[in-house]
Asker: 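After the C-alpha cells below, expect a handful of questions from me.
Note that the structure is predicted; figures quoted are calculated from it, not measured.
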Amino acid sequence: EALARWTCWRAARGAPADAVRLAYRELVRASLVLVEDSGTSGDRIMAIAVAAAPPGAEVWIMGVQNIKGTGLDFAYQWVWWRELHQLLTRLSDRDPQRRRLALAGIDENPLGSALACEAARDALRPLLGDPDVGARAAQVFQRVEARLAVLLAARAPGAGGGRKQGRLAWLLERMVDPFDAILRSRRARRIFADLVARRISHRRAQSELKRLTERQKGGWLA
C-alpha cells in the first residue's frame with residue numbers, strides 16, 4: 001500500500017491524469033482511521049492507534065482534537081501518564097518514606113489506560129518482597145491488576161464504549177434534558193466553590209467536571 005501511494009505520488013507530480021488522482025485519493029482515504037463511537041474511551045483510542053501502526057513502529061500523534069468527552073478522555077490519559085511516570089521513578093528511591101509517598105500517589109492515579117497499568121505493574125513487581133513497603137506495594141499491585149483486566153475486557157471486539165438508547169428513551173431524555181442542564185450548571189458551580197474553599201482536591205474536581213461534560217453529550221438516561 002505504501003509503495004502504491006508512492007508510485008501514484010510520483011505519477012501525479014509528472015502527469016496527473018484523472019485515473020492517478022482517483023487512485024491516490026482512494027489510497028489516502030484508506031489510510032484514515034475513524035473512531036465512530038462518540039462514547040469511546042481514551043484507552044480504546046490508544047488501542048486503535050496502536051493497531052493501525054506496523055509492529056515495532058514509533059508512532060507520533062499530531063493534530064489531536066480535545067473536544068468534550070471522547071477527545072477529553074484521550075488527552076487526560078497522557079496527563080495522568082505523565083504524573084504516573086514521575087511517581088514510578090520515585091519507587092527506586094532509597095528512602096522508604098519517599099517510596100510510600102510514591103505508592104500513595106500511584107494508588108490515587110486513575111490508571112485510565114492499559115499503558116499506565118502495565119508500566120505500574122512492572123515497576124511495582126520488584127517491591128512486592130520489600131520489607132518496608134512490600135505490603136503496601138501488594139495492595140496497589142492488586143488494584144493495578146484489576147484495573148488492567150477491566151480495560152482489556154473493554155477493548156474486546158463488541159464491547160463498545162457508547163451508551164445505547166432506544167427511541168423512547170432518547171425522546172424522553174430530550175424532553176427532560178433542559179431541567180438536567182440546570183442541575184448540571186448548579187453542580188458545576190458547587191464543584192468550583194468547593195475547590196476554591198479547598199473542600200475537595202483538584203483531582204476530584206477534575207473527575208466530577210469531566211463526568212458533567214460527558215453527561216452533556218447525551219445518553220445519560222441510558
Asker: Hey, which of Leu103, Ile106, Leu124 is the one that makes side-chain contact (heavy atoms from CB on, under 4.5 Å) with Phe141?
Answerer: Leu124
Asker: Can Trp78 be reached from Val59 by stepping across I, L, V, M, F, W or Y side chains whose heavy atoms are under 4.5 Å apart?
Answerer: yes
Asker: Does a side-chain heavy-atom distance below 4.5 Å link Arg90 with Leu101?
Answerer: no
Asker: If you count heavy atoms of other groups shown closer than 6.0 angstrom to CZ of Arg125, is the number above 12?
Answerer: yes
Asker: How are the rings of Trp80 and Tyr76 set to each other: parallel, tilted or perpendicular (split at 30° and 60°)?
Answerer: parallel
Asker: Is there a chain of hydrophobic side chains (I, L, V, M, F, W, Y, each step under 4.5 Å between heavy atoms) that links Val28 to Leu3?
Answerer: yes
Asker: Is Arg204 paired with Asp194 through a side-chain N to carboxylate O contact shorter than 4.0 Å?
Answerer: no
Asker: Side-chain heavy atoms nearer than 4.5 Å, only ILVMFWY residues, links allowed to pass through others: does that put Leu168 and Val176 together?
Answerer: no
Asker: Under a 3.5 Å cutoff, is there a donor and acceptor pairing between the side chains of Glu83 and Trp81?
Answerer: no
Asker: Are Leu115 and Leu87 connected in the hydrophobic side-chain network, where two residues link if heavy atoms are under 4.5 Å apart?
Answerer: yes
Asker: State, to 0.1 Å, how close Asp130 and Asp132 come at their nearest heavy-atom pair, and which atoms those are.
Answerer: OD1-N, 2.7 Å
Asker: Is it true that a side-chain atom of Arg99 and a backbone atom of Arg94 form a donor plus acceptor pair closer than 3.5 Å?
Answerer: yes
Asker: Restricting to non-hydrogen atoms, name the atom on Val133 and the atom on Pro96 that form the minimum distance, rounded to 0.1 Å.
Answerer: CG1-O, 3.9 Å
Asker: Where do Ala102 and Leu91 come nearest, in terms of heavy atoms and distance?
Answerer: CB-CD2, 3.8 Å
Asker: How many angstroms lie between CZ in Arg155 and CG in Leu152, if you round to the nearest 0.5 Å?
Answerer: 6.0 Å
Asker: Report, as yes or no, whether the 6.0 Å neighbourhood of atom CG on Leu32 holds more than 12 heavy atoms from other residues, nucleotides or ligands.
Answerer: yes
Asker: Output yes when a side-chain donor or acceptor of Gln139 lies under 3.5 Å from a complementary backbone atom of Ala135, and no otherwise.
Answerer: no
Asker: If you take all heavy atoms of Met46 and Ser113, which pair is closest and at what distance?
Answerer: SD-CB, 3.7 Å
Asker: Side chains of Gln142 and Glu145, heavy atoms from C-beta outward: is any pair under 4.5 Å?
Answerer: no
Asker: Which pair of heavy atoms, one from Pro178 and one from Arg174, lies closest together, and at what distance?
Answerer: CD-O, 3.6 Å
Asker: Does Arg184 come within less than 4.0 Å of Asp177, counting only side-chain N to carboxylate O?
Answerer: yes
Asker: Hey, what do you get for CG (Asn109) to CG (Leu84), rounding to the nearest 0.5 Å?
Answerer: 4.5 Å
Asker: Rounded to the nearest 0.5 Å, what separates atom CZ in Phe192 from atom CZ in Arg190?
Answerer: 14.5 Å
Asker: Is the shortest distance from a Lys or Arg side-chain nitrogen in Arg203 or Glu208 to a carboxylate oxygen in the other one below 4.0 Å?
Answerer: no
Asker: Counting only N and O atoms by type, is there a donor-acceptor contact under 3.5 Å from the side chain of Arg147 to the main-chain atoms of Leu111?
Answerer: yes
Asker: What's the spacing between Ile200 CD1 and Gln206 CD if we round to 0.5 Å?
Answerer: 11.0 Å
Asker: So, do Leu127 and Arg136 sit near enough that their side-chain heavy atoms are less than 4.5 Å apart?
Answerer: no
Asker: Please check this pair: side chain of Ser185 against backbone of Ile182, looking for a donor-acceptor N/O pair closer than 3.5 Å.
Answerer: no
Asker: Using a 4.5 Å cut-off on heavy atoms from C-beta on, say whether the side chain of Arg82 contacts that of Gln86.
Answerer: yes
Asker: I'd like to know if the side chain of Asp73 reaches the main chain of Gly42, judged simply by a donor and an acceptor atom lying under 3.5 Å from each other, with no hydrogens or angles considered.
Answerer: yes
Asker: When clusters are formed by joining ILVMFWY residues with side-chain heavy atoms under 4.5 Å apart, either directly or through shared neighbours, do Leu88 and Leu151 land in the same one?
Answerer: no
Asker: Hey, is CZ on Arg100 packed in by over 12 heavy atoms from elsewhere, all under 6.0 Å?
Answerer: yes
Asker: Between the side chain of Arg44 and the main-chain N/O of Ala154, is any donor-acceptor distance below 3.5 Å?
Answerer: yes
Asker: So which heavy atom on Asp43 is nearest to which on Ala114, and how close?
Answerer: OD1-N, 2.7 Å
